[in-house]
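Here is the structure we will look at, set down as structure tokens.
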Number of protein chains: 2
Amino acid sequence: MRTARSPRKPRRPAAETREDILNTAEELFRTKGFTNVAMADVAAALGMSPANVFKHFHSKTHLVDAISVRHLEAMIDRLARPDDHKAPPERLLLFVEQLMESHLRDLQKSPHIFEMIVFSAGQELPCAEQYREMLIDDIAQIIDAGVESGIYHVKDSRKTAEIATMALACVLHPVLIAKEKADILATRCREVVALIDTALQNPLAK
Amino acid sequence: MRTARSPRKPRRPAAETREDILNTAEELFRTKGFTNVAMADVAAALGMSPANVFKHFHSKTHLVDAISVRHLEAMIDRLARPDDHKAPPERLLLFVEQLMESHLRDLQKSPHIFEMIVFSAGQELPCAEQYREMLIDDIAQIIDAGVESGIYHVKDSRKTAEIATMALACVLHPVLIAKEKADILATRCREVVALIDTALQNPLAK
């Protein structure tokens, strides 16, 4: 810990300041629109110097990443884990449907999330990688269960889960689903999961 | 045809003016960056009134759509159609690889294309639907060839092509590929096509 620069204000833990910045930034994004809010506005709303905000978040992209991590963590906590009693193909569909609907609710409730995602399109966000890993883990577990019960014919379940996750971008990536009609997405979800399922069940698969 | 409003300038056909607007807009997007160019700048560069530009393109989104149509048409013309002598699984992979590489070249050569796509994320562009239909047609043809030769087991090739096209978004959608490393994409492309191929070859497919 560094020593406080000013004797007038008691120094707050950095983690608290960080949380304050995230809360204020997100509230401003929500109320004024993401593109209309600069880092300087976040600083002003908190009575902080812009330099101090930049000390915690080096750019708007870093801020977006930290806010996205909070959203993704909340979403993952909300997920009911697939029921072990169901057959793996059914579990896979339920898992993907649940995720897609969770994304859609978030995007509808908080349009600034879509703006944040579009803003960071093409930039590497650590949160995206984290989220992808979580998906792959969960899907690999379902595939393992399918292999155990003899329904799926897969050599490397983790690798296969990685490929399935890529194929699911069309129903899970915010840019590809945000403005699509709900019934079209529901059908697309069933169909793409069925395609993946058919591949996993192929007894001749190499 | 309406009568000319001004006796000083001979009236040009609307199609020519439209082409001029598209060429000038794209040149400005390319040199100044898409987000830095307003409709008024396009008008100024052409010595036209903004109202006249808006008569041809009601918004920047309409301009983006028209420019994208030209890019997609040029790209489709460049595509070597899959060789009929090759086996359908190989044809499918070659077709998708060719498309992906064509997208990547365009995005690299013309960064403003990526900016245009990000700008129109979540808006319905007629060009996207047109392009999707073209993909589905070509993939359905490959599937038909596979069914005829007994390699693929598919009831409705058009419907299956539609689902396969969705699953291919992870290697064909500009937002998902623009900033990805070439070797990662090459592997992803082979893997996702192999997944689709395994589904199509499943003799037990429903």
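Computed from a predicted structure; not experimentally measured.
Both the backbone and the side chain of A:Leu195 come within contact range of chain B, judged by heavy atoms closer than 4.5 Å. For chain B, the nearby part of A:Phe114 is the side chain; its heavy atoms alone come within less than 4.5 Å.
Side-chain rings of A:Phe29 and A:His71 stay apart, their centers remaining 6.0 Å or farther from each other.
Evaluation of the side-chain contact (heavy atoms from CB on, under 4.5 Å) rule for B:Lys181 yields B:Asp183, B:Ile184 as partners, not counting sequence neighbours.
For A:Glu19, the CD atom is densely surrounded, since the number of other residues' heavy atoms within 6.0 Å is greater than 12. For CD of B:Glu133, the number of neighbouring non-hydrogen atoms (other residues, nucleotides, ligands) closer than 6.0 Å is greater than 12.
With respect to chain B, the highest number of heavy-atom pairs below 4.5 Å among A:Ala167, A:Ala178, A:Ala164 belongs to A:Ala167.
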